[in-house]
Amino acid sequence: MSKEKVGITVSKKDDFSEWYTQVVLKAKLADYAPVKGLIVLRPDGYSIWESLKNTFDKKFSKNGIRNGFLPVLIPESLLGKEQKHFAGFNPEVFWVTHSGENEVGDRLALRPTSETLAYTLYSKWIKSWRDLPLKINFWNTALRAEIKATKPFLRTSEFLWQEGHTVHATEKEAKDEVITILDIYKNTVEEELAIPVITGKKSEKEKFVGAVYTTTMESIMPDGKALQMGTSHFLGQNFSKPFEVKFADKDNVEHFAWQTSWGISWRLIGAMIMVHGDDKGLVLPPKVAPIQVVIVPIYNQDEDKKRVWEKTEEIKNQLESKSIRVHIDDRNELSPGYKFNDWEMKGIPLRIEIGPKDIQKQKIVLAKRYNKEKIDLDFKEIEKINSILNEIQTKMLEIARDQAKLNTFDISNYSEFKERIGKGGFVEAYWCGKQECEDKIKEETGADIRVISFENENKDGNCVYCNETSIEVPIFARGY
RNA sequence: GGGAACGUCGUCUAGCUUGGUAUGAUACUAGUCUGGGGGACUAGUGGUCGCAGGUUCAAAUCCUGCCGUUCCCA
């Protein structure tokens, strides 16, 4: 009875939503804050974010992008400078109306996104073609008041993200940058988080307000709902004109610049939990796990204890010399069984059990989190753990790919389409390109166009809704 | 956008209908024994019942408002 209450109390299959929340809270990734819609990131959660941040920073840096920092307050007059953009964000903006007791003149927005602020400054900094390209990334938070029910990492009124803003002399260069970034996003998510994504364009309706077009990466979650994993926007000159981001070209003629913006958020952590987790809790891909190997020493009498400890320390040193993140669970008050369950809930990829019996056999017991497999490993084979971690990382991506495939459907008939959407999943279907059909589909099924995959553009067929000649094959799904 | 439920030690919860300052478990602390899948025993610590008003001799309980959380349906 009491046993049941410690761990996750519902199965992923039976009550996905409850399961998800329990994993977040019980694996100590995050907790609710005392303000509606806000969460607190705890060290185990933040560590995953830091790991992603480090990987992105390396890749951004290679691409000539540097980090900067922007303030959180944006005056209303600035935020409203690009009309469509403002209209899109206005309903969810938090406003600061007072400083101390005094009302402020121009209301101050807590940034929902920083385009307007960044480009005001960019216009000051850019004078000549020699100042281009300008590529700056900002790690910060954005605030968007959520009316709908919130969920840790997936929908919160403040979220951690990065927003990149680049400026280019030519249209082509900016468009290329959009794709370069999307590629970085895709390979990072697949390689680090072991989550497969589909990249492509958003429809006109779903694009970022103010962009010429939006590229996106989308994933399908185990409950059949789609999750937007990151976006990269081609802004064209939509912002450079109102914000006067201009430069003198080599021929001394003044031009408006071409711009991009792009971002990923801590939603990626939510996706990782959903895609890999199981009934025992979190399952972390080795690359982002704060602890990769946990050692649980087992002993009874003092004599054994000493020997076990010596070996434990030795293994720890061996692994650390290979740059593996190791932790010894030296909590004396807990039984081994409790510790096994505890670390499984936290998703640590590998667990080493070592006790008197193992020392006698010159072996350790190695338990893999993702498939619950337990194997014996000779003391001499400790260095194999490195390749086992790599293998786990690869396998986890493979499994996730297989799952995603099972959740993807090719459908041409509308009644089938409706039925399928009701059950969840990515549905590929022909589309005429008219927003009217897109709206009707949304109205009747709740599904929207998640992504028009780069691989599926310009295919012939008949629109799943109106039956007219199609121009694209988007992926439809209900989303988070 | 519409609907429903819930809020009591850290966590889960009894009590609420029929008002009388709160039950149990778990966690936590100390000690002893244990130790290979959520250990045992003993002794302790911890709440004033989401917040603010109201009714009453008396409110966790009844009333009003607010805040928060969750779930379901477009």
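In what follows, every chain begins at residue 1, and chains take the letters A, B, ... in the order their sequences are listed. Computation of the quantities below employed the complete heavy-atom set of this structure, encompassing side-chain atoms and omitting hydrogens, waters and symmetry-equivalent molecules. Fair warning: this is a prediction, and the values are worked out from it, not measured in the lab.
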Salt bridge (charged side-chain N to carboxylate O under 4.0 Å, His left out), paired with Glu344(A), selected from Lys26(A), Arg351(A), Arg369(A):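 Answer to the salt bridge (charged side-chain N to carboxylate O under 4.0 Å, His left out) test with Glu344(A) among Lys26(A), Arg351(A), Arg369(A): Arg351(A).
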
Residue among Lys12(A), Lys13(A), Lys372(A) satisfying salt bridge (charged side-chain N to carboxylate O under 4.0 Å, His left out) with Asp278(A):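 The option that passes is Lys372(A).
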
Say we look at [N] and [M]: how far apart would their [atom1] atoms be, to the nearest angstrom?
N	M	atom1	result
rU45(B)	rG3(B)	C1'	44 Å
rA40(B)	rU48(B)	P	30 Å
rC67(B)	rU26(B)	P	38 Å
rU11(B)	rG46(B)	C1'	13 Å
rU64(B)	rU18(B)	P	15 Å
rA59(B)	rC51(B)	P	15 Å
rC12(B)	rU56(B)	C1'	33 Å
rC57(B)	rG47(B)	C1'	26 Å

Which one, [options], comes nearest to the side chain of [X]?
X	options	result
Thr150(A)	rC71(B), rG37(B), rU70(B)	rU70(B)
Lys151(A)	rC71(B), rU70(B), rG35(B)	rC71(B)
Ile298(A)	rG35(B), rU70(B), rG39(B)	rG35(B)
Tyr32(A)	rG36(B), rG39(B), rU69(B)	rU69(B)

Nucleotide [N], atom [atom2] - distance to [atom1] of [X] in whole Å:
X	N	atom1	atom2	result
Phe16(A)	rC72(B)	CZ	C1'	17 Å
Asp279(A)	rG37(B)	CG	P	21 Å
Leu25(A)	rC12(B)	CG	P	10 Å
Ile39(A)	rG68(B)	CD1	P	16 Å
Lys306(A)	rG35(B)	NZ	C1'	20 Å
Lys442(A)	rG1(B)	NZ	P	13 Å
Gln22(A)	rC71(B)	CD	C1'	14 Å
Asp342(A)	rG38(B)	CG	C1'	9 Å

Nearest-nucleotide comparison on RNA chain B, the residue closer to the 5′ end among Gly446(A) and Lys305(A):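 By nearest-heavy-atom nucleotide position, the 5'-most residue is Lys305(A).
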
Ring centres under 6.0 angstrom apart (Phe153(A), Phe159(A)):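 When the ring centroids of Phe153(A) and Phe159(A) are compared, they turn out to be at least 6.0 Å apart.
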
Ring centre gap for Phe138(A) and Phe69(A) strictly below 6.0 Å: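 Aromatic pair excluded; centres sit 6.0 Å or further apart.
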
Given that both distances must come in under 3.5 Å, which nucleotide forms a Watson-Crick or G-U wobble pair with [N]?
N	answer
rA4(B)	rU70(B)
rU56(B)	none
rU18(B)	none
rC41(B)	rG31(B)

Donor on one side chain, acceptor on other, Gln228(A) and Tyr480(A), under 3.5 Å: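 No - no donor-acceptor pair under 3.5 Å links their side chains.
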
Check: Thr214(A)/His233(A) side-chain N/O donor and acceptor closer than 3.5 Å: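 There is such a pair (donor and acceptor under 3.5 Å, judged by atom type) between the side chains of Thr214(A) and His233(A).
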
Once you apply a heavy-atom cut-off of 4.0 Å, does [X] come out as touching a base, just sugar-phosphate, or nothing?
X	result
Arg331(A)	nothing
Glu344(A)	base
Gly355(A)	base
Asn332(A)	base
Lys372(A)	nothing
Val365(A)	base

Parallel, tilted or perpendicular, as decided by the 30° and 60° cut-offs, for the rings of Trp309(A) and Tyr299(A):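 Geometry flag for Trp309(A) against Tyr299(A): tilted rings.
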
